[in-house]
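Worksheet: the structure to be examined is printed underneath.
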Amino acid sequence: MLSPIDTGAVIRDDRAAGTFPGEIHEGVAWWIAACYVVVSSARQMAVAHDGHPTTAVFHDRFCRGAINAQHYRCHVADLGAADEAQLLHAMAALGGIPGALLTTTAAADADGWWTVTIRLYDAGGQPVTEETGWAAVRNKIARDQVPIPVNDQAKGRITDRRDLLETP
């Protein structure tokens, strides 16, 4: 693993979160996505972020990790900037597929640092818990068993699906 993290500190409480820079880096988003695709056998995912510039970079890496997870050919519906309600709506509109929401907030204890959070949702729109996926994702990362990228023939794809966003 090129840039290890403290998996127990970053992946806990039914989410992945850490200060950036510091506890978490962009590669973690790739690792989480690839591991979650494999753990959940996801062939499709909807992915959204809060629009923060830092989150946008993590979002891009997350999407790329999902489409490169072994032979799963995961199709990522990229929602761009969206909130949780919009993500859940899009997941349901796509036939009940898993999803992820990435957000960034100012870190409480560090000037200029950000707390990046990744939340996963199962195909039913429920937050993924320790028991339903986070433990397996954390264990894969901790054991350096992140699924490796695949060749172009086995790679999934990313499709812009902002058309699915409902406006309140």
Side-chain angles (χ1 to χ4, degrees), residues 1 5 7 10-18 24-50 55-104 116-166:
M1 188 175 301
I5 59 165
T7 54
V10 171
I11 302 173
R12 60 182 166 66
D13 302 329
D14 301 337
R15 62 181 170 62
I24 196 169
H25 55 82
E26 299 95 329
V28 175
W30 177 297
W31 301 344
I32 290 170
C35 289
Y36 185 59
V37 165
V38 171
V39 165
S40 66
S41 299
R43 298 291 180 178
Q44 289 184 297
M45 279 190 83
V47 183
H49 65 90
D50 63 2
T55 314
V57 175
F58 278 78
H59 171 263
D60 178 65
R61 292 286 180 92
F62 188 97
C63 292
R64 292 181 188 285
I67 68 169
N68 279 290
Q70 292 179 335
H71 60 279
Y72 283 87
R73 296 183 57 92
C74 185
H75 178 192
V76 172
D78 181 354
L79 304 175
D83 61 26
E84 183 183 44
Q86 292 171 313
L87 170 65
L88 295 174
H89 169 78
M91 290 166 53
L94 290 166
I97 64 172
L101 180 63
L102 292 80
T103 58
T104 298
V116 177
T117 302
I118 302 171
R119 297 188 191 283
L120 300 174
Y121 299 85
D122 66 20
Q126 295 301 307
V128 172
T129 65
E130 185 76 6
E131 296 77 24
T132 62
W134 274 116
V137 168
R138 183 180 51 252
N139 289 338
K140 281 188 161 302
I141 294 170
R143 293 185 177 127
D144 199 16
Q145 296 174 339
V146 175
I148 59 172
V150 295
N151 62 40
D152 286 342
Q153 289 74 33
K155 191 180 198 177
R157 68 184 191 279
I158 302 168
T159 304
D160 184 328
R161 291 306 311 263
R162 284 177 262 188
D163 60 298
L164 294 171
L165 299 180
E166 280 191 341

Output all residues satisfying side chain to side chain donor-acceptor pair (under 3.5 Å) with [X], sequence neighbours left out; order by chain, then residue number.
| X | value |
| --- | --- |
| Thr132 | Thr129 |
| Glu84 | Tyr121 |
| Thr55 | Asp50, Thr104 |
| Arg15 | none |

*asked:* My understanding is that only residues two or more places apart in sequence, or in another chain, count here; which of them pass ring pair (Phe, Tyr, Trp, His ring centres under 6.0 Å) with Tyr36?
replied: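 In terms of ring pair (Phe, Tyr, Trp, His ring centres under 6.0 Å), with neighbours along the sequence ignored, Tyr36 is linked to no residue.
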Counterpart residues, ring pair (Phe, Tyr, Trp, His ring centres under 6.0 Å), relative to His25 (two or more places apart):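 In terms of ring pair (Phe, Tyr, Trp, His ring centres under 6.0 Å), with neighbours along the sequence ignored, His25 is linked to Trp31.
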If you measure from [atom1] on [X] to [atom2] on [Y], what distance do you get to the nearest 0.5 Å?
| X | Y | atom1 | atom2 | result |
| --- | --- | --- | --- | --- |
| Met45 | His75 | CE | NE2 | 12.5 Å |
| Cys35 | Leu120 | SG | CG | 10.5 Å |
| Ile67 | Arg157 | CD1 | CZ | 10.5 Å |
| Trp30 | Cys63 | CH2 | SG | 11.0 Å |

Problem - side chain to side chain donor-acceptor pair (under 3.5 Å) partner of Asp78, chosen from His49, His59, Arg162 - result: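 Looking at His49, His59, Arg162, the match for Asp78 under the side chain to side chain donor-acceptor pair (under 3.5 Å) is His59.
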Measure the shortest side-chain to side-chain distance between [X] and [Y] over non-hydrogen atoms and say whether it is less than 4.5 angstrom.
| X | Y | result |
| --- | --- | --- |
| Ile11 | Ile118 | no |
| Ser40 | Asp122 | no |
| Val76 | Phe62 | no |
| Val137 | Val128 | no |
| Val146 | Lys140 | no |

Return yes if some donor-acceptor pair links the side-chain N/O of Arg43 with the main-chain N/O of Tyr72 below 3.5 Å, else return no.
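Side chain of Arg43 to backbone of Tyr72, a donor-acceptor pair under 3.5 Å: yes, one is there.
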Item checked: salt bridge (Lys or Arg N to Asp or Glu O under 4.0 Å) partners of Arg119, counting only residues at least two apart ->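 If we apply the salt bridge (Lys or Arg N to Asp or Glu O under 4.0 Å) test to Arg119, skipping adjacent residues, there are no hits.
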Arg161: partners by salt bridge (Lys or Arg N to Asp or Glu O under 4.0 Å), with sequence neighbours left out
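Listed in chain order: Asp163.
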Q) Between Thr7 and Asn139, is a side-chain contact (heavy atoms from CB on, under 4.5 Å) present by the stated rule, with each step listed? A) CA-CA 8 Å; Thr7 54; Asn139 289 338; over 6 Å; no
List the atom pairs, donor and acceptor, that lie under 3.5 Å between side-chain atoms in residues 147-154 and the rest of the protein, sequence neighbours left out.
from: Asn151; atom 1: OD1; to: Gln153; atom 2: N; distance (Å): 3.1
from: Asn151; atom 1: OD1; to: Ala154; atom 2: N; distance (Å): 2.9

**Partner residues of Glu130 under the side chain to side chain contact (heavy atoms under 4.5 Å, CB included) criterion, sequence neighbours left out** =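 Expected list: Asp14, Trp134, Ala135, Arg138.
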Could you work out, with side chain to side chain contact (heavy atoms under 4.5 Å, CB included) as the rule, every residue matching Ala48, not counting sequence neighbours?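 Per chain and number, Ala48 pairs via side chain to side chain contact (heavy atoms under 4.5 Å, CB included) with Leu79, Ala82, Leu87, Leu101.
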**Report entry** Contact summary for Gly65 and Ala33, nearest pair of heavy atoms
**Finding:**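 Between these two residues, the closest heavy atoms are C-CB, 4.0 Å.
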Could you pull out the closest heavy-atom pair between Ala69 and Val38, with the gap in Å?
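It is CB-CG2, 4.2 Å.
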* Show your working on side-chain contact (heavy atoms from CB on, under 4.5 Å) between Ile24 and Ile5 and close with a plain yes or no. => CA-CA 7 Å; Ile24 196 169; Ile5 59 165; 5.7 Å; no
Show every salt bridge (charged side-chain N to carboxylate O under 4.0 Å, His left out) that has at least one partner inside residues 59-72, sequence neighbours left out.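 Checked against salt bridge (charged side-chain N to carboxylate O under 4.0 Å, His left out) - neighbours excluded - the pairs reaching residues 59-72 are Asp60-Arg64.
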